[in-house]
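Note on naming: letters A, B, ... go to the chains in the order of the sequence lines (proteins, then strands), and numbering restarts at 1 for each one.
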Amino acid sequence: MSDLKEIGVTISKDKDFSEWYTQVVTKAGLIDYSPVKGFIILKPYGYKIWENIKEILDKKLKSSDHENAFLPILIPESLLSREKAHFSGFTPEVFWVTRAGDNKLADNLAVRPTSETLAYSIFSKWIMSYRDLPLKLNFWNSALRAEIKSTKPFIRNSEFLWQEGHTVHETDKEAEDEVLLILQYYQDLIENYLAIPTIKGFKSEKEKFVGALYTTTLESIMPDGKALQMATSHNLGQNFSKPFEIRFLGKDSKQYFAWQTSWGASWRLIGALIMVHGDDKGLILPPNIAPIQIVIVPIFKNKDRNIVLDESQRLKRELGVGGLRVHLDDREEYTSGWKFNDWEVKGIPLRINLGLRDINEKKLELVRRDTKEKMFINKNQNFLESIKTILNDIQNSMLEKASRFHDRSIIRVYDYEEMRRKLKENSGFILTSWCGNIECELDVKNQTGADIRVIPFGPERSERDYCIKCKKSSKYNVIFAKAY
RNA sequence: GGGGUUGUGGUCUAGUUUGGAAUGAUACCAGCCUCGGGCGCUGGUGACCGCCGGUUCAAAUCCGGCCAGCCCCA
């Protein structure tokens with residue numbers, strides 16, 4: 001038995017969370033490592049999950065008149081440095097192209113860490129009048145930010161897949177609405193498809209996107225108590241339109257600087273998906289995002305081979321026609337037991353074990369991945385509905401389970417020493433009050449390792465009116481946590 | 001940024017202390033067997049021992065540099 005264990009995940013999630021995570025991402029067949037530090041290869045199964053995320057979000061964006069386009073990956077240094085704060089925020093992690101073949105380039109080219117500067121230099125040419133607005137573009141691409149130390153697949157890589165949206169508006173109000181609309185899209189994707197609860201709110205000045213007026217964010221809590229930023233949506237105000245001269249002629253024949261937003265979500269979401277739902281056997285995928293929702297494993301002795309395979313094919317067709325993503329595992333080189341384990345590591349939400357016994361009894365044996373529960377349903381005209389109900393149930397109970405953990409992990413704290421103690425013990429989200437001064441934020445960071453992850457939307461004033469650190473009058477309810 | 005640790009067929013691994021023909025399992029291939037939780041039997045294929053250099057008659061093993069993975073701390 002000890003030999004067998006090496007095939008699957010060998011570390012318990014509770015015992016060594018980091019090691020467990022790296023085993024799951026590789027053993028579930030999501031990624032492989034590249035020869036270059038910090039870069040990973042997304043294998044077909046991992047890419048399918050990304051494609052599903054992409055499809056869901058893409059549909060939402062198109063429904064509100066966002067269009068997809070593509071931008072080149074190289075940005076001249078002069079452009080990148082046009083907005084100063086923005087440039088200084090990114091420059092430590094920019095990769096540079098300095099040569100073409102044997103020739104040294106006259107101007108160094110940055111490999112995009114994000115595309116604001118390039119996009120906006122072009123937008124300024126496209127936008128002349130209020131009739132050109134709003135401009136709402138989205139780019140599915142990758143961004144590169146050099147991660148010298150500590151990389152983790154999906155969570156922190158030197159290159160990551162994402163989408164970056166960039167919009168230009170006539171008014172402040174329009175930009176503000178856009179920021180919140182996009183945040184709402186993200187939240188819907190994350191909660192209703194990925195089954196991960198989030199906290200919605202603002203970033204502090206220190207943590208906001210460099211160059212933005214303000215940043216809104218969705219933060220989730222991982223099983224080890226650390227926070228993971230799931231997606232962000234920024235109001236750029238006129239901070240970029242001024243240096244990039246994005247101006248339009250209004251109805252009143254006067255020149256105005258435009259109001260802008262940018263927003264992004266990356267394959268980090270896949271990392272969160274793994275961490276939040278996985279167990280000691282491997283991945284567990286919510287049905288709404290799973291590339292395969294149901295896997296059929298046929299079980300037969302040689303003499304029954306054709307009967308069972310025929311029936312499996314028929315079942316696959318029926319489920320497929322019913323709108324479900326289904327896979328028939330008819331590989332002959334593996335035994336059924338081997339396949340059970342294989343699909344469990346990969347996290348398929350529902351499995352059907354189909355043998356002669358079930359065919360004769362007109363029954364289906366179903367096994368839930370999340371609860372490992374085994375159940376039988378009758379293979380009558382209602383079986384498709386029964387299966388859909390079960391999948392729905394899996395989706396809901398996964399969100400419920402994650403929500404219970406989420407709620408448990410938020411602790412209200414009013415005393416600084418208590419906060420330090422809590423953060424030392426087991427991390428988690430510390431909900432407390434803050435005066436709004438960056439000094440207090442930095443002190444807490446230095447002393448505890450935690451920073452302000454999110455200032456939740458809601459009443460601005462805290463129910464206690466003094467800052468956790470300096471005891472002066474407080475402005476905000478905030479959540480402190482250690483972060484990925 | 002600081003520290004620790006690891007690198008040997010596709011995968012996991014013995015061997016490294018004390019230099020002298022690279023161990024085993026699994027996977028893979030061929031044949032047989034057949035499946036209700038990682039089947040079994042027989043035979044076979046597969047190794048730049050992470051990379052570069054040094055010491056030596058001789059290096060997986062000793063020395064130096066580099067690359068990559070993982071972990072902990074900031």
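Residue Ser18(A) places its side chain closer to C71(B) than to any other of C71(B), G36(B), G38(B).
No engagement by Pro92(A) is indicated, since no non-hydrogen atom pair under 4.0 Å with the nucleic acid exists.
For Lys401(A), the NZ atom sits in a loose shell: 12 or fewer heavy atoms of surrounding residues, nucleotides or ligands are nearer than 6.0 Å. With a 6.0 Å radius and a threshold of 12 heavy atoms from other residues, nucleotides or ligands, Lys388(A) has its NZ atom above the threshold.
Using a 4.0 Å cut-off between charged side-chain N and carboxylate O, Asp451(A) and Arg453(A) make a salt bridge. The residues Arg331(A) and Asp342(A) are annotated as salt-bridged, a charged nitrogen and a carboxylate oxygen being separated by less than 4.0 angstrom.
Pairs passing the side-chain hydrogen bond (donor to acceptor under 3.5 Å, both in side chains) check and including a residue from residues 80-90 of chain A, sequence neighbours excluded, do not occur.
Look at CG on Asp330(A): it is 14 Å from C1' on C35(B), rounded to the nearest Å.
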Could you go over nucleotides 28-33 of chain B and give all protein N or O partners under 3.5 Å, atom names and distances?
none

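No hydrogens or angles were tested; on distance alone, nothing pairs the side chain of Asn353(A) with the base of G36(B) as donor and acceptor under 3.5 Å.
The phosphate of G37(B) has neither OP1 nor OP2 within less than 4.0 Å of any side-chain N or O from Lys339(A).
Relative orientation of the Phe39(A) and Phe95(A) rings is tilted, given thresholds of 30° and 60° on the angle between their planes.
Where Lys301(A) and Ile148(A) each meet RNA chain B at their nearest nucleotide, the meeting point lying more 5' is that of Ile148(A). Mapping Ser150(A) and Pro298(A) onto RNA chain B via the closest heavy atom, the residue that lands nearer the 5' end is Pro298(A).
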